[in-house]
Amino acid sequence: MSVFEKPATEVAPLLLGGLLIVDDVVLRITEVEAYLGIGQDPGSHAYNRRGPKNNTMFGPPGHLYTYFTYGMHVCSNVVCSPLGEASAVLLRAGEIIDGIEIARMRRLTSRVDADLARGPARLTVAMAIGLDDDGSDLATSRVRLELPDTPAPHETSLRTGVSGPGGTEPFAWRYFIPGDPTVSPYKRWQPKKKTL
DNA sequence: CATTAGATCGTCT
DNA sequence: GACGATCTAATGA
């Protein structure tokens, strides 16, 4: 029974202040979001049914779930809940605390160090995580996760960019370390513009 | 600081 | 055909 066998909403705050380690780059997690499973969370990839796209979310907890979105971005999650149930914690932002020169090379567009991993797709690029890493074990694979000894103080808010029934996100499942410069700005969901 | 548009493609309707 | 757990560059206040 690992800590990851609990629902993502319980695991999420435990990750704050934890470390994500890939080769020589170390990231301190400062912002995450929880997503639940079938029928529980309209914003989740696993809301409707299990399928090829979201299969990893139903896999063993403590593994990595990476997905491709917006035609060009990859985001990283930690799979939670017991095997066969779907929930995951999206890694939204963090602070590079080691290997920062490597991270800078990977993110040439970022002009400030605080922006290196500020946002889920940015974080994934800075850590050189890819779709190939989907499903890998965070305890034994190239991508490692270490939980903090003592949980970091945190706040919660609505999730960013997530639509809900009627356009309103109903769940305050974004967890972040308040005041940290690497936490991404909250953006509420808004409908796409129409091309006249 | 705020808002806008464009990029780009797998999945779903 | 539309849209998404996004990001960047450009433009306006």
Side-chain angles (χ1 to χ4, degrees), chain A residues 7-9 11-13 15-16 20 27 29-59 63-81 86-94 96 103-135 156-176 181-196:
Chain A
T9 44
V11 177
L15 300 185
L16 294 175
L20 190 68
L27 175 106
I29 300 169
T30 58
E31 179 189 354
V32 299
E33 281 175 2
Y35 290 84
L36 296 193
I38 293 178
Q40 305 174 73
D41 179 3
S44 171
H45 291 164
Y47 181 56
N48 290 312
R49 66 188 77 74
R50 184 171 186 166
K53 186 181 74 171
N54 57 19
N55 193 248
T56 309
M57 280 185 77
F58 295 81
H63 285 227
L64 191 66
Y65 165 49
T66 60
Y67 67 88
F68 180 71
T69 188
Y70 288 100
M72 65 192 86
H73 293 304
V74 178
C75 298
S76 308
N77 302 254
V78 176
V79 175
C80 299
S81 298
S87 80
V89 178
L90 170 68
L91 271 24
R92 282 199 59 87
I96 306 288
R104 286 190 190 121
M105 295 296 286
R106 293 170 177 161
R107 296 223 56 246
L108 295 176
T109 55
S110 148
R111 313 198 61 97
V112 185
D113 285 345
D115 286 347
L116 288 173
R118 192 185 200 219
R122 292 168 166 183
L123 182 152
T124 302
V125 169
M127 299 304 288
I129 294 172
L131 295 174
D132 290 348
D133 296 300
D134 183 54
T156 65
S157 78
L158 298 179
R159 297 176 296 188
T160 111
V162 177
S163 66
T168 309
E169 156 69 70
F171 306 119
W173 288 342
R174 173 176 180 252
Y175 304 78
F176 59 98
T182 63
V183 172
S184 65
Y186 174 73
K187 293 188 195 309
R188 105 178 171 286
W189 175 86
Q190 52 186 287
K192 296 291 187 206
K193 305 262 157 114
K194 216 178 192 182
T195 54
L196 308 183

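Note on naming: letters A, B, ... go to the chains in the order of the sequence lines (proteins, then strands), and numbering restarts at 1 for each one. Predicted, not measured: the structure shown is a model, and the values here were computed from it. Quick note: numbers below take in every heavy atom, side chains included, and nothing from hydrogens, waters or symmetry partners.
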Within the pair A:Thr69 and C:dT6, is there a side-chain N or O less than 4.0 Å away from OP1 or OP2?
no

Considering only C:dT6, C:dA5, C:dG4, which nucleotide approaches the side chain of A:His73 most closely?
C:dT6

Measure from the side-chain heavy atoms of A:Ala121 and tell me the nearest of C:dA5, C:dC7, B:dT8.
C:dC7

Watson-Crick/G-U partner (both atom distances under 3.5 Å) of C:dA5:
none

Given A:His45, which partner from the list A:Phe68, A:Tyr67, A:Phe58 fulfils the ring-ring contact (aromatic ring centres under 6.0 Å, His included) test?
A:Tyr67

Name the closest nucleotide to the A:Arg122 side chain, picking from C:dA5, C:dC7, B:dT11.
C:dC7

Output the rounded distance in Å from CZ (A:Arg107) to C1' (C:dC7).
8 Å

C1' atoms of C:dT8 and B:dG10, separation to the nearest Å:
22 Å

With a 4.5 Å heavy-atom cut-off, do A:Val78 and A:Val32 have their side chains touching?
no

On the side chain of A:Tyr70, is there an atom forming a donor-acceptor pair with the base of C:dA5 - under 3.5 Å, no angle test?
no

What's the CG-P distance between A:Leu108 and C:dA9, to the nearest Å?
11 Å

Spacing of A:Lys187 atom NZ relative to C:dT8 atom P, expressed in whole Å:
11 Å

Nearest-angstrom distance from the residue atom CZ of A:Arg92 to C1' of C:dC7
12 Å

Select base, sugar-phosphate, or nothing to describe what A:Gly119 touches, counting heavy atoms under 4.0 Å on all strands.
sugar-phosphate

In whole angstroms, the gap separating C1' of B:dT8 from CZ of A:Phe68 amounts to 7 Å

If I take atom CZ in residue A:Arg118 and atom C1' in nucleotide C:dT8, what distance separates them, rounded to the nearest angstrom?
14 Å

So, A:Tyr35 and C:dA5: ring centres less than 5.5 Å apart, planes less than 30° off, yes or no?
yes

Starting at OH of A:Tyr47, measure out to CG of A:Asp41 and round the result to the nearest 0.5 Å.
8.5 Å

How are the rings of A:Trp173 and A:Phe171 set relative to one another: parallel (under 30°), tilted (30 to 60°) or perpendicular (over 60°)?
parallel

By the 4.0 Å heavy-atom rule, please label A:Asn48 as base, sugar-phosphate, or nothing.
nothing

Heavy atoms from C-beta onward define the side chain here; which of B:dT8, C:dT6, C:dG4 lies closest to that of A:Met72?
B:dT8

In whole Å, I'd like the distance from the CZ atom of A:Arg188 to the P atom of B:dA2.
12 Å

For A:His45 and B:dT11, give me the distance from atom NE2 to atom P, rounded to whole Å.
12 Å

How far apart are the closest heavy atoms of A:Val79 and A:Met57, and which atoms are they?
CG1-O, 3.7 Å

